[in-house]
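Convention: sequence-line order gives letters A, B, ...; per-chain numbering from 1. All heavy atoms count here, side chains included; hydrogens, waters and symmetry mates do not.
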Amino acid sequence: MTITENMKFEKTAKDPDSSASCGLLYTDHGVIETPIFMPVGTSGTVKAVFHRDLKNDIKAQIILGNTYHLYLRPGTEIIRKAGGLHKFISWDGPILTDSGGYQVFSLAANRKLTTEGCTFRSHIDGSKHLFSPEVVVEIQRVIGADIIMALDECPPGDSDHAYAKKSLKLTKNWLERGAVHFDSTEPLYGYKQAFFPIVQGCIYPDLRIESAEHAVKLNSEGYAIGGLSVGEPTELMYQMLEVIDPILPKDKPRYLMGVGTPSNILEGVARGIDMFDCVMPTRNARNGMLFTSEGVINIKNRKWADDLSFLDINGTSFVDMVYSKAYLRHLFVAGEILGAQIASEHNLAFYLWLVKEARNHIKAGDFKAWKNSMIKRLETKL
RNA sequence: GGGGAGAUACCAAAGUGGCCAACUGGGGCAGACUGUAAAUCUGCUGGCUUACGCCUUCGUAGGUUCGAAUCCUGCUCUCCCCA
């Protein structure tokens, strides 16, 4: 089986000291510069952020949606009627949808796995649903994301080898079926969609290699790496990236799913990753945590109560040089919704700034040195 | 002036003889968060201590009792009703 549609990806720069590289990924909704961070918009919204700010201030190039959540609510009929998710949510840039594989993991209490697929109980109303590799391709055709994901099982980070092996067998089976179904169906709205397999295998090199080699046979337009940052030590995550680095094709984008902290992202870039997504900048923002060029801030801490300095003196976002730390703290303490909005905008802008800097330093040839000095600052607790 | 009710930790509010350093909520302080069931969750919140434990607390001064936030008496203060 071969995926028939094409999504052009070209490499534009290569770091001499690591596997980091820059590239351009062409979609029908726009060109994505890699390495890139993709804000997560699970239910058709990047929480607490207007598209206007996402585009003009944060400079997001692609956002995520989630098959499971959108399927349950608002449901595929209204999305189809709207003409796809782009039109429904009024976002004309690229979109990637996760298949719901992560919910197989995070909503494990409400699910049942079979070879056929995964039977869910809706977390909203308890109703029963089946997600099979074919069904999630169908749903993602209706959603109309530019990049759609295969259904996988994302096993917990502490899974033993026997379980991981069994899980991988299921993920491989699902991948093959999903790819066949993708090949035998057409996009609904006149623009191309790409189908990304997901490499699994937990923290076991042999399984990661097996999974990567299996996925590569599909000759797809990009490859995702899943099942990391799910409780395993960070160092093992990096090792897994190194194990599969030589196996995945250099001329196709690689997407590390669900990662991560700013440091994780830079280390991922160094190990050949082109695309990242994570709820961290938005969720942590809503919980009062800011990622800044000088370190992390818990804006709810008392120490910021009378600090009238800007949020991030080196920040590039609109909010950075408008609002003070003391004001943002006040908003959080008072439970004002604007606090979540400002923090979300700041964090996302910071993440997008970070990957832009990474691209610039890859092009300049000093990525590794920059990365190492940056990580020290990023991990400082202010 | 007469009658009634009440004073518990930062606030509110349980507790009416031992299981009480004292429920619970708020507030405060801190922590967590990685393909979002999250504007969420967790811990601490009298003092010393890592902990065990010890010490000082339920308006105040005494008393009863083996033992008191809880029972009795005086005092101080607050609130409500009538005049």
Engineer: Verify whether the ring centers belonging to A:Tyr351 and A:Phe291 lie closer than 6.0 Å.
Structural biologist: yes
Engineer: Kindly say whether, by distance alone, the side chain of A:Asp152 makes a donor-acceptor pair under 3.5 Å with the base of B:rG35?
Structural biologist: yes
Engineer: Between B:rA39, B:rU36, B:rC29, which one does the side chain of A:Gln103 approach most closely?
Structural biologist: B:rU36
Engineer: Taking N and O atoms by type only, does the side chain of A:Ser106 place a donor or acceptor under 3.5 Å from a partner on the base of B:rU36?
Structural biologist: no
Engineer: Rounded to whole angstrom, note down the P distance from B:rA68 over to B:rA61.
Structural biologist: 16 Å
Engineer: Using a strict heavy-atom distance below 4.0 Å, which residues from residues 115-123 of chain A are in contact with RNA chain B?
Structural biologist: A:His123
Engineer: Is it true that the NZ or CZ of A:Arg52 lies under 6.0 Å from the centre of A:Phe50's six-membered ring and within 45 degrees of the ring axis?
Structural biologist: yes
Engineer: How far does the C1' atom of B:rU56 sit from the matching atom of B:rG2, given to the nearest Å?
Structural biologist: 42 Å
Engineer: Rounding to an integer number of angstrom, what distance separates B:rG15 and B:rA83 when you compare their C1' atoms?
Structural biologist: 38 Å
Engineer: Could you tell me the Watson-Crick or G-U partner of B:rA5, where both distances fall under 3.5 Å? Say none if there is no partner.
Structural biologist: B:rU78
Engineer: Can you see if the side chain of A:Asn284 gets near the phosphate of B:rA39 - specifically, an N or O under 4.0 Å from OP1 or OP2?
Structural biologist: no
Engineer: Among A:His86, A:Gln193, A:Lys192, find the residue that satisfies the side chain to side chain donor-acceptor pair (under 3.5 Å) test when tested with A:Asp146.
Structural biologist: A:His86
Engineer: For A:Arg286 and A:Leu228, take the nucleotide of RNA chain B holding the closest heavy atom to each; which residue's nucleotide lies nearer the 5' end?
Structural biologist: A:Leu228
Engineer: How far does the C1' atom of B:rA69 sit from the matching atom of B:rA14, given to the nearest Å?
Structural biologist: 12 Å
Engineer: Using the test side-chain hydrogen bond (donor to acceptor under 3.5 Å, both in side chains), find all partners of A:Asn360 that sit at least two apart in sequence or belong to another chain.
Structural biologist: none
Engineer: Which of residues 245-260 of chain A have a heavy atom under 4.0 Å from RNA chain B?
Structural biologist: A:Met257, A:Gly258, A:Val259, A:Gly260
Engineer: Take atom C1' in B:rG6 and the same atom in B:rU60, then report the distance between them in whole Å.
Structural biologist: 15 Å
Engineer: With nearest nucleotides of RNA chain B determined for A:Ile198 and A:Lys300 from heavy-atom distances, which residue corresponds to the more 5′ nucleotide?
Structural biologist: A:Ile198
Engineer: Can you tell me, in whole Å, how much space there is between the C1' of B:rG47 and that of B:rG62?
Structural biologist: 27 Å
Engineer: For A:Glu210, is there an ion pair with A:Lys172 - N to carboxylate O distance below 4.0 angstrom?
Structural biologist: yes
Engineer: Determine the Euclidean distance between corresponding P atoms of B:rA38 and B:rC48; express it in Å to zero decimal places.
Structural biologist: 41 Å
Engineer: Among B:rA37, B:rG31, B:rG35, which is the nearest nucleotide to the side chain of A:Leu107?
Structural biologist: B:rA37
Engineer: Any base atoms under 4.0 Å from A:Gly227, or only sugar-phosphate, or nothing? Heavy atoms, all strands.
Structural biologist: base
Engineer: Would you say the ring centers of A:Tyr102 and A:His69 fall short of 6.0 Å from each other?
Structural biologist: no
Engineer: Measure the distance from CG on A:Asn287 to C1' on B:rU42 and round it to the nearest whole Å.
Structural biologist: 12 Å
Engineer: Go through the N and O atoms of the side chain of A:Arg283 and the base of B:rA38, and report whether any donor-acceptor pair is under 3.5 Å.
Structural biologist: yes
Engineer: Could you work out the separation of B:rU16 and B:rC11 based on their P atoms and round it to a whole Å?
Structural biologist: 23 Å
Engineer: Is the distance between the ring centroids of A:His129 and A:Phe120 under 6.0 Å?
Structural biologist: no
Engineer: Are A:Trp91 and A:His51 near enough that their ring centres are under 6.0 Å apart?
Structural biologist: yes
Engineer: May I ask you to say what A:Gln200 touches in the nucleic acid, namely base, sugar-phosphate or nothing, with a heavy-atom cut-off under 4.0 Å?
Structural biologist: base
Engineer: Which of these, A:Arg141, A:Glu138, A:Glu134, sits in a side chain to side chain donor-acceptor pair (under 3.5 Å) with A:His181?
Structural biologist: A:Glu138
